[in-house]
Amino acid sequence: EAQVTQNPRYLITVTGKKLTVTCSQNMNHEYMSWYRQDPGLGLRQIYYSMNVEVTDKGDVPEGYKVSRKEKRNFPLILESPSPNQTSLYFCASSLSTLNNEQFFGPGTRLTVL
Amino acid sequence: QQPVQSPQAVILREGEDAVINCSSSKALYSVHWYRQKHGEAPVFLMILLKGGEQKGHEKISASFNEKKQQSSLYLTASQLSYSGTYFCGTETSGGSYIPTFGRGTSLIVHP
């Protein structure tokens with residue numbers, strides 16, 4: 001089944017404890033991206049990647065890191081999480097520039113205490 | 001920069017029509033529309049490319065006015081299943097080919 005998977009789905013952590021949210025797609029998509037969703041603010045883009053080893057900042061990249069060492073994986077790293085990073089995170093992928101329908105993962109709900 | 005969606009919320013009865021608007025301050029290459037049910041991920045509805053194209057998906061259609069940098073989503077004869085939050089995502093010319101999403105429009109359809 002073609003899909004985008006994220007792990008974990010739910011995470012409660014404490015301020016300053018490094019964490020990684022994994023994202024993997026099995027559709028051989030070139031493009032991958034991370035969004036955070038907060039009430040009233042919609043989906044805001046954190047980082048995106050247009051290919052392996054090619055990443056760029058979105059609109060709200062502060063406090064986040066990403067890497068794209070393999071085409072299928074695009075982990076989101078929070079080196080020192082803070083309470084303002086409490087949010088619902090979505091990973092998405094799309095095939096190419098000519099067909100860029102976004103396929104979203106199920107989401108990861110993160111709470112930072 | 002996020003596109004602006006209006007209205008923020010719409011409440012309808014089954015069978016009524018609704019229009020959701022999306023506007024950008026920058027020249028647009030394309031507009032995406034997605035629907036998100038509560039507790040779920042956004043799901044793709046359609047993409048419109050510049051050229052004033054109109055597309056349809058069941059009783060949901062959309063238009064794209066390149067000159068006005070706007071798109072509108074039309075929901076005809078609303079069904080209960082149409083309830084959710086609708087997001088437009090815009091790509092600007094020379095951009096990353098990954099859409100920037102608006103804040104969403106909450107649509108509630110009552111029996």
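As the structure is a prediction and not an experimental result, all values here were calculated from the model. A note on names: the letters A, B, ... follow the listed sequences, proteins ahead of strands, and every chain is numbered from 1. These values consider heavy atoms only, across backbone and side chains, with no hydrogens, waters or symmetry-generated copies.
Only the side chain of Q36(B) comes within contact range of chain A, with heavy atoms under 4.5 Å apart. Contacts of E40(B) with chain A are made by backbone atoms alone, with heavy-atom separations under 4.5 Å and no side-chain atom involved.
In the hydrophobic clustering of ILVMFWY residues, with side-chain heavy atoms under 4.5 Å counting as a link, Y89(A) and V14(A) come out apart. Under the 4.5 Å side-chain heavy-atom criterion for grouping Ile, Leu, Val, Met, Phe, Trp and Tyr, F64(B) is connected to L75(B) within one hydrophobic cluster. Taking hydrophobic clusters as Ile, Leu, Val, Met, Phe, Trp and Tyr residues chained together by side-chain heavy-atom distances below 4.5 Å, V66(A) shares a cluster with L110(A). Connection of W34(A) to V4(A) is not established within any shared hydrophobic cluster, with ILVMFWY side chains joined at heavy-atom distances below 4.5 Å, either directly or through further cluster members. Tracing side-chain contacts under 4.5 Å through hydrophobic residues (I, L, V, M, F, W, Y), one never reaches F101(B) starting from F74(A); they form parts of separate clusters.
Heavy atoms of other residues, nucleotides or ligands lying less than 6.0 angstrom from NZ of K71(A) number more than 12. Atom CD of Q8(B) has 12 or fewer heavy atoms from other residues, nucleotides or ligands within 6.0 Å. Counting heavy-atom neighbours within 6.0 Å of I77(A) CD1, excluding the residue itself, gives a total above 12. Atom NZ of K65(A) is surrounded by 12 or fewer heavy atoms from other residues, nucleotides or ligands within 6.0 Å.
For residues 35-48 of chain A, a heavy-atom distance under 4.5 Å to chain B picks out Y35(A), Q37(A), G40(A), L41(A), G42(A), L43(A), R44(A), Q45(A), Y48(A), given by residue number.
For F44(B) and F104(A), the ring centers sit 6.0 Å or farther from each other.
Across H32(B), R103(B), Q2(B), the residue that shares the most heavy-atom pairs under 4.5 angstrom with chain A is R103(B). Options P42(B), G104(B), A41(B), S30(B) differ in how many heavy-atom pairs under 4.5 Å they form with chain A, and the most are formed by P42(B).
Contact of the N100(A) side chain with the I98(B) side chain is not registered, since no non-hydrogen atoms from C-beta on lie closer than 4.5 Å.
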